[in-house]
Every structure is written in C-alpha cells, then in structure tokens.
Amino acid sequence: MAKNLLIVESPAKAKTIEGYLGKDFTVKSSYGHIRDLVKSDDAINIASNFEQKYEVPADKKAIVSELKKLAKEAETVWLASDEDREGEAISWHLFETLGLKDATTKRIVFHEITKPAILKAIDNPRKIDYNLVNAQQARRVLDRLVGFELSPVLWKKVKPSLSAGRVQSVAVRLIVDREREINKFNAEAAFRIAATFGKGREAFKAELSERYSKQDDAEKFLTDCVPATYKVNSLDTKPAKRSPAAPFTTSTLQQEASRKLGFSVSRTMQVAQKLYEAGKITYMRTDSVNLSDTAINAAKAQIISAYGDQYYTMRKYKTKSASAQEAHEAIRPTYFDVHTVDGDNSEKRLYELIWKRAIASQMSEAQFEKTTAKIGIYTRKEELTANGEVMKFDGFLKVYLESRDDEDNEQDDDNSMLPPLAVGQVLTLSEMTATERYSRPPARYAEASLVKKLEELGIGRPSTYAPTISTIQNRGYVVKEDRDGRTRDFRVLTLKGGNINKETRTENTGAERNKLFPTDIGAVVTDFLVQYFNGIVDFHFTADVEEQFDKIAQGLEEWTDMIRKFYQPFHIEVENTLKVADRATGERDLGVHPESGKKISVRIGRYGPFVQVGDNATEEGDEKPLYASLRAGQMIETITLEDALELFKLPKKIGFFEEKDMTVAIGKFGPYIRHNSAFYSLPKGIDPLDVTEPQAIEIIEAKRVKDAERLIKTFDENPEVKILNGRWGPYIEFEKLNVKIPKGKEPLELTFDEVKALADATPKDVKKGRFGKAAPKAAAAKAPAAKKAPAKKAPAKKAAPKKK
DNA sequence: CAGTGAGCGAGCTTCCGCTTGACTT
C-alpha cells in the first residue's frame with residue numbers, strides 16, 4: 001500500500017498528478033464536495049448560532065467510504081483541493097468526514113497542474129485555513145437562508161414550486177429589466193449621408209458626421225451637392241495597433257463559442273469537459289487568465305518555430321474581475337504542439353478555438369496605418385470623412401486569418417483601403433445617398449451575454465453559469481427562442497448623375513435568434529421581489545456580501561456575526577411580507593369590450609396568462625365570463641386590447657369535409673386545421689382568420705399525398721399501423737405512438753408481431769418525452785426490481801391496456 | 001396543437017457550488 005494518499009477534486013486531475021508522483025502516492029478524487037447541508041428546513045439551527053447539519057448525499061457514499069479506507073491505510077493524507085473558498089471547505093469536510101488526524105494530514109495547494117508546481121506544493125504543506133472555511137460556511141448558509149425562506153413566500157404569494165435565490169433572481173431581473181427598456185425605447189430616425197467617390201478598384205466611401213432628422217434638410221444637402229466639386233482638404237496618417245485578447249476563462253469561452261460556433265452555454269461546457277477528460281485542455285471552469293511558465297514557454301517555442309521570432313511577445317494577463325478566485329490556470333491546450341484533436345466535429349472546432357486564442361495571447365500586436373481624409377464640398381461648409389486602414393504587420397492576427405472566412409463574417413466597411421490620395425486632389429463623385437436610419441434599442445440578452453453581465457456583477461461562479469441559465473428557463477421565468485421582427489419603411493434619397501431620386505424601402509427590424517425573453521411569471525416574480533426584497537435582488541448585493549466574506553477569510557470578522565446581521569432584518573421582511581402582501585397575479589385592465597361594454601383584463605392563472613371578458617360569476621345564474629390563453633410571445637404587460645380580442649376569434653369552424661367539421665386554431669407550433677382528430681399545419685403566409693373551406697380541403701389533401709409518399713409499409717393485421725420515412729429515418733406509427741426502429745433492423749423486413757413488441761416496449765405515459773422528470777424515477781425503480789418477481793409484473797401491466 | 005380560470009386541502013416544491021456519470025428519445 002502506498003504511503004501517501006493525495007486527494008484532489010477532479011478525477012482527470014488525479015490521473016495526471018499520479019503520473020508525476022510515482023508509486024509512493026495514491027492519488028484519488030473527491031468528485032467535488034462530499035457533504036452538504038441536509039435537505040430539510042432544520043439544516044441550520046438559527047437559535048444555536050447558525051449551527052449546521054451536514055450529510056453525505058447518497059451518490060457520494062461510495063466515494064467517501066473508499067477514501068475512508070485508503071486514508072486509514074496511508075501514513076500521510078495530502079488534501080489537495082483547489083486553493084479557493086470552496087476548495088478549502090472541501091478539504092475541511094474531508095478532514096471531518098474521513099476522521100483524519102492533524103499530525104498525519106497535510107494541506108497543499110497549486111494553481112497549475114505541472115510537475116514542478118506539484119512538487120513545490122508538496123515541499124510546502126500547510127494546515128487547513130479555518131478562516132477561509134468559515135467564509136465558505138457563511139456563503140453556504142446565506143444562500144440556503146435566502147433560497148429557503150424566499151421560495152416559500154413565492155409559493156404562497158405567486159405560484160407553487162417557484163424559486164428565488166441570490167443568483168437566479170438577479171439573472172431573471174436583468175432580463176426583465178432589459179425587456180422593459182426595449183419596450184420603452186423610442187426609435188428615432190435620422191438621415192445619414194454617404195458618398196462614393198471614384199470607380200472600380202479606386203472607389204471608396206466617405207461619410208458626413210452630421211445627421212439630419214428632417215428629410216428636408218437631407219434633401220437640401222443633396223441638392224446643394226448637385227453642382228458641387230470635391231477636393232481632398234487634408235490627409236492624416238497615423239500608426240495604430242491591436243493587441244490580442246487574454247486566453248479563455250469559462251465566461252469568455254462561452255461567449256466566443258456562442259458567437260463563432262453557435263454553441264449554447266451548456267453545449268460549450270459539455271464539449272470542453274470531453275476535451276479536458278481526454279487530456280487535451282486544462283480545466284474548463286476557471287476565472288483566471290493566467291498561464292503557467294511551462295505553458296508560456298511551450299507557446300513561445302510553437303510561435304517561433306511556426307511563424308518566426310518577430311511574432312512572439314511574452315504577455316502576462318491580469319484578471320480584471322474583483323470576485324475572481326484564480327484557483328486554476330486559464331483554459332489552454334495541454335500541449336501547444338497539438339494543433340487538432342480527434343473526436344467529433346464540435347470537439348475539433350472548440351479545441352481549435354482554444355488553441356488559437358491561447359497561442360495568439362502570446363503573439364505580437366498587429367500594426368496598422370490609419371488614414372483619415374477630409375473632403376471639402378465646394379457648395380457647403382461641411383466636410384466628408386473617409387477612413388482607411390492598411391495592415392503593416394499581422395502579428396497575432398495571423399492565427400485568426402487562417403480560418404477567417406468561415407468563422408468571422410463581420411466586415412467593417414469603414415476600415416477598408418483607400419486609394420492613394422493627395423491634398424488638393426479633385427475627386428469625382430459617383431453617388432451620394434441620404435439614408436434614413438433608426439436608432440437601436442439595447443440588445444436582448446443571449447445566454448452568453450447574460451453570463452458576461454453576471455460575471456461583471458460578480459454574481460455566480462464558473463461552475464454555475466451554465467446551470468443558472470438552465471434553472472431560470474426550467475422555472476419558466478425566461479424562454480430562449482427566435483422571434484420574427486416587423487417590417488418598417490425607411491426613406492432613401494440618391495444623388496446620381498445630377499438627379500435626386502427618392503424612394504421608400506422596407507427593412508426587417510427586431511428579429512431575434514436564440515435570445516432570452518422574460519415570461520409573465522418572470523416579470524411578476526421580479527416585481528414582487530423588487531417590491532418586498534429589494535436588498536436581495538439589488539445588483540450589488542453579491543458584491544457587498546463578498547466583501548464581508550473576504551473579511552471573514554482574513555480573520556477580521558466572525559462569520560456568525562455577519563450572518564446574524566444579515567438574517568435578523570431579512571427574516572423580519574419575510575414575516576412581514578407573508579402578512580401584508582397580496583397575491584401577485586400581474587393583473588392588468590385592458591379596458592372594456594367595444595360592443596358589449598364588458599370589462600377586459602389579463603392576469604396569470606393556473607394554466608398561465610389569460611384574458612378574461614366580463615366579471616366573475618358570483619351568484620347562481622350570473623353570466624359566466626369568457627377566457628382565452630395568451631399566445632407565445634404575448635405578455636400581460638404589453639398586450640393590446642385589439643390583440644386580446646383577436647384571441648377570441650379562434651378556434652373557428654371553417655366548414656365540412658368528409659362529414660366532419662374543420663376548425664382552424666393557433667397552437668404551440670403555429671396555426672393549424674383540425675379535422676377528424678388530425679392536425680394539419682397551415683402553410684406560412686395564410687392568415688388563419690381568412691382560411692376558406694376549399695383552401696382547407698386542399699391543405700388536408702396535400703398533406704395526405706405527402707404522407708403517402710413517406711409510407712414504406714403497412715400491415716394486413718392492422719391497416720392503421722404504418723412504417724414511415726421521417727426526418728431522422730424510418731419510424732413506426734402505432735396508435736398515435738411514434739416508435740423508433742432499433743439499429744440493425746431493416747424496416748421492410750419487420751413483421752407485425754415485431755412491430756407490436758417494439759410498440760409495447762415504448763413507454764406510453766412519457767408524453768412526447770423530452771428528457772423529463774420520469775428518468776430518475778425509472779432509475780430508482782430499476783434497482784430493487786432487478787431482483788425477482790416484481791420485474792416480470794411491470795411489463796405485463798404496461799402491455800395490458802394497449803390491447804384494446 | 002382541446003378549454004380551462006372559484007375555493008378547499010394534503011403533501012410536494014426551494015438555494016449555490018464543487019464534481020461526474022447514467023439516464024432518455
């Protein structure tokens with residue numbers, strides 16, 4: 001048995017370190033935290049100085065008992081969890097749970113997984129830092145108190161199962177606030193003047209810095225320019241440079257992978273995890289931009305051999321964010337001489353991105369020559385400005401240039417090249433335009449830009465960015481989706497060949513892809529929290545408590561004092577809110593019905609937001625109000641009276657076909673026709689309110705023809721059972737159930753009995769199965785069922801109801 | 001991809017951070 005047991009947090013890290021240390025060391029991993037507060041409400045005893053009740057969760061039991069056994073056998077246990085608040089606490093929990101002894105336990109830390117760093121750490125052991133542990137306890141207890149006192153308030157005052165917390169509630173608030181800014185925003189239009197001089201290769205653009213809000217002024221300018229001549233008044237050339245960005249942290253990797261590869265935040269982390277486990281990159285959950293000396297030297301060798309000396313500049317980066325804990329290196333390739341990796345396409349692309357960013361971070365700056373030409377107009381006092389940029393030395397941009405075409409299509413016209421010009425030179429105008437341009441509202445958050453904002457505010461940690469984004473979507477506070485824009489007109493005046501031409505063009509505005517939108521519930525919960533718990537959802541709350549955690553970590557403050565000071569007023573607020581706050585439904589009056597004069601209002605109900613026409617029926621015989629659910633994209637706070645009334649026009653009967661009604665309605669996936677319990681989606685461009693009977697019949701028949709084309713096979717035993725060609729290959733349609741055909745089965749050769757068996761094996765109760773909550777239950781049921789009799793019962797039960 | 005929406009009541013939900021698998025269509 002090895003004399004030494006060394007424990008780190010991650011198994012991949014353990015493997016690497018084991019290779020550095022030889023056979024005197026057994027290196028194991030704790031898989032993160034091994035203990036947590038018990039799930040129940042008595043986890044923290046407030047009366048007894050916030051004493052905590054911890055437990056080892058079920059999925060950590062096995063690893064804890066293994067570590068316990070190894071620790072007993074070892075002479076020395078080395079606690080090598082990360083050097084930050086959480087890492088120190090992990091070491092402490094290990095110490096307590098494994099029953100370690102002070103004399104035979106050593107705490108070591110390193111910021112990078114390199115052999116010299118590990119050896120140096122082993123030469124410099126220390127004791128567990130209890131101040132740091134206390135700071136973590138304060139963090140943990142505060143989050144539990146906030147989360148588990150606030151959430152129940154929402155259950156009572158808004159809706160069951162909702163949640164609130166220090167991090168998620170601010171994330172939602174950011175999105176709600178931004179949506180309101182966008183709604184409030186008034187776009188202002190102004191005319192922008194642009195001129196093109198010269199022809200062909202010599203052509204270049206110049207712009208006027210002034211904007212005209214009135215068309216008359218823009219037109220006057222163009223009219224004045226009709227007889228004008230143009231001359232270069234001045235030329236100014238000066239050098240400019242651009243420096244590379246720091247190597248990736250979790251947050252910048254998520255942003256860049258989103259922009260350049262279109263990855264969601266969680267996809268980025270999944271792919272990065274694979275690369276990390278394969279030993280291709282360093283740890284992917286980090287807030288540090290630091291590179292180890294080993295890495296800097298490896299990058300240097302790579303840059304000099306591939307591009308030459310002049311491309312290398314040693315750079316050390318400093319983290320800007322105050323909340324960073326820097327327990328790891330920046331994200332970088334483990335080996336800089338590995339330019340590509342095996343694996344699927346996304347792994348290759350993400351690795352390439354990481355490699356380029358890390359290499360570029362040690363390269364020379366790019367140098368440019370920027371030229372500004374001021375162009376005089378004989379008939380006006382204003383000058384036009386043309387900008388040109390010439391690259392003198394590519395520097396770090398060399399690394400990006402290689403694959404620029406497919407990953408970077410943002411071309412800034414402003415900085416294209418200028419032809420050779422001289423002061424006093426007379427220019428020939430080929431065209432001048434005055435284009436009406438609208439100011440743009442603030443941008444909606446996408447996943448990655450929300451992470452960026454949270455990081456700036458110091459809220460959340462690298463390991464929680466992706467889960468936080470999922471939580472606020474799972475709770476229904478926020479949806480990620482595409483939305484169509486609206487068309488709007490803009491005017492363009494063009495001066496060409498001495499004539500001014502006026503036209504109106506249209507553009508699409510406000511279209512969004514993969515953006516985060518608040519839901520009504522998100523808005524109502526945010527308003528509620530802002531009203532009653534402003535301190536918690538304040539954007540500076542985390543930064544403020546972090547400051548106090550730091551004081552605790554430095555031994556300047558007692559953690560229980562800090563928590564007490566926070567908790568006492570907070571708890572009073574909770575009690576008070578429970579007493580005084582009304583139920584929050586987001587109710588808003590839209591006015592009265594134009595014909596009947598009945599009251600029209602919107603609010604959140606049991607099944608989501610809806611419109612109500614007429615008052616509640618209070619007595620027997622009262623007329624009942626009408627209801628209609630809001631559609632995707634509609635919100636209580638922005639819906640208009642007209643849109644609300646539209647909701648009552650559908651579903652609508654549009655005629656008869658084959659002795660059955662046809663109705664048209666709008667569902668989750670857009671407008672559709674319902675006929676004989678089947679759905680037929682309406683082709684784009686047809687207004688569901690205008691669909692005629694013959695049109696509907698045509699749509700139904702067209703869908704049938706298409707389905708017939710997809711048909712592969714039917715069965716004599718039951719003509720309703722079909723094998724069809726779907727988007728992802730052939731599948732079986734069995735009594736409204738879509739059944740996947742297992743790999744290796746030829747669909748044409750399947751017999752009816754085989755098909756039936758496949759259908760019976762497909763769970764029917766998992767509706768339209770997304771990876772839902774059914775999964776953990778099935779897993780839990782599996783273990784005991786595997787033993788004997790009950791195992792046979794389950795499938796028999798399932799098959800029975802399907803027979804009829 | 002329906003239409004639904006009052007109030008009652010049992011028993012459930014919930015936080016943030018640190019780690020990976022083991023599930024599902």
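As the structure is a prediction and not an experimental result, all values here were calculated from the model. By convention in this document, chain letters (A, B, ...) are assigned in the order of the sequence lines, proteins followed by strands, and residues within each chain are numbered from 1. Note: hydrogens, waters and symmetry copies are ignored here, and every other heavy atom, side chains too, is used.
- Scanning for salt bridge (charged side-chain N to carboxylate O under 4.0 Å, His left out) contacts around K157(A) gives an empty result, with sequence neighbours left out.
- Which of dT14(B), dG3(B), dC18(B) sits closest to the side chain of K60(A) comes down to dC18(B).
- Here the nucleotide nearest the side chain of W155(A), chosen from dC18(B), dT14(B), dG5(B), is dT14(B).
- The interatomic distance linking N474(A) (CG) with dC16(B) (P) rounds to 13 Å, in whole Å.
- Residue order along DNA chain B, read from the 5' end via each residue's closest nucleotide, puts A665(A) first among A665(A) and R139(A).
- The phosphate of dG17(B) has neither OP1 nor OP2 within less than 4.0 Å of any side-chain N or O from Q136(A).
- Ring-to-base geometry does not place Y627(A) in a stacked arrangement with dT4(B) (centre distance under 5.5 Å, plane angle under 30° required).
- Take E149(A) and apply the salt bridge (charged side-chain N to carboxylate O under 4.0 Å, His left out) test, not counting sequence neighbours, and it matches no residue.
- Looking at the side chain of R461(A), the nearest of the listed nucleotides dC18(B), dT13(B), dC16(B) is dC18(B).
- Seen from the ring of F539(A), R173(A) counts as a face-on cation partner, given the 6.0 Å and 45° thresholds.
- For L154(A) and dT13(B), the CG to C1' distance is 11 Å, given to the nearest whole Å.
- Among the atoms of the strands shown, base atoms are found under 4.0 Å from some heavy atom of R140(A).
- Using a 4.0 Å cut-off between charged nitrogen and carboxylate oxygen, K649(A) and E646(A) count as a salt-bridge pair.
- At dT13(B), none of the side-chain N or O atoms of S151(A) fall inside 4.0 Å of OP1 or OP2 (strictly under the cut-off).
- Here dT14(B) presents its C1' atom at 15 Å from NZ of K159(A), a figure rounded to the nearest Å.
- Two residues are said to be in side-chain contact when any heavy atoms from C-beta on lie closer than 4.5 Å; M562(A) and F549(A) meet this criterion.
- One atom, CZ of R144(A), and another, C1' of dT14(B), lie 9 Å apart when rounded to the nearest Å.
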Might you list the N or O atoms of the protein lying below 3.5 Å from N or O atoms in nucleotides 20-22 of chain B, with each pair's distance?
residue	atom	partner	partner atom	Å
dT20(B)	OP1	S10(A)	OG	2.5
dT20(B)	OP2	Q273(A)	NE2	3.2
dT20(B)	OP2	R285(A)	NH2	2.8

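- Taking the six-membered ring where the residue is Trp, the centroids of Y283(A) and Y276(A) are separated by under 6.0 Å.
- Taking the side chain of F148(A) as heavy atoms from C-beta on, and the options dT13(B), dC15(B), dA6(B), the nearest nucleotide is dC15(B).
- As rounded to whole Å, 17 Å separates atom P of dG5(B) from atom CG of L647(A).
- Applying the 4.0 Å criterion to OP1 and OP2 of dT14(B), one finds that R475(A) has a side-chain N or O inside that range.
- The residue G460(A) sits close only to the backbone: its heavy atoms come under 4.0 Å of sugar-phosphate atoms, none of a base.
- Map S169(A) and S681(A) each onto its nearest nucleotide of DNA chain B; the residue landing nearer the 5' end is S681(A).
- Using a 4.0 Å heavy-atom criterion, one finds that S629(A) contacts the bases of the nucleic acid, with or without backbone contacts as well.
- Note on V146(A): nothing from the nucleic acid sits closer than 4.0 angstrom, heavy atoms only.
- Test L6(A), V8(A), L79(A) against I108(A) for side-chain contact (heavy atoms from CB on, under 4.5 Å) and you get one pass: L6(A).
- In this view, E86(A) and H33(A), D84(A), Q136(A), R139(A) satisfy the side-chain contact (heavy atoms from CB on, under 4.5 Å) rule, not counting sequence neighbours.
- The distance between atom CG of D143(A) and atom C1' of dC18(B), rounded to the nearest whole Å, is 13 Å.
- The nearest pair of heavy atoms linking E55(A) to P57(A) is O-CD, 3.4 Å.
- Using a 4.0 Å heavy-atom criterion, one finds that G32(A) contacts the bases of the nucleic acid, with or without backbone contacts as well.
- S163(A) contributes no side-chain N or O that forms a donor-acceptor pair with the base of dT14(B) under 3.5 Å.
- In DNA chain B, no stem is built from 3 or more consecutive Watson-Crick or G-U wobble pairs with both distances under 3.5 Å.
- Atom pair I673(A):CD1 and dA2(B):P shows a separation of 16 Å (rounding to whole Å applied).
- Stacking is found between F610(A) and the pyrimidine-like six-membered ring of the dG5(B) base under the 5.5 Å centre-distance and 30° plane-angle cut-offs.
- At whole-Å resolution of the value, CZ in F533(A) and C1' in dC15(B) are 14 Å apart.
- Under the side-chain contact (heavy atoms from CB on, under 4.5 Å) criterion, K660(A) pairs with H675(A), N676(A), sequence neighbours left out.
- For the pair R475(A) and Y477(A), the cation-pi test (distance below 6.0 Å, angle within 45°) is failed.
- Residue contacts shown for P152(A) include a base, since a base heavy atom lies under 4.0 Å away.
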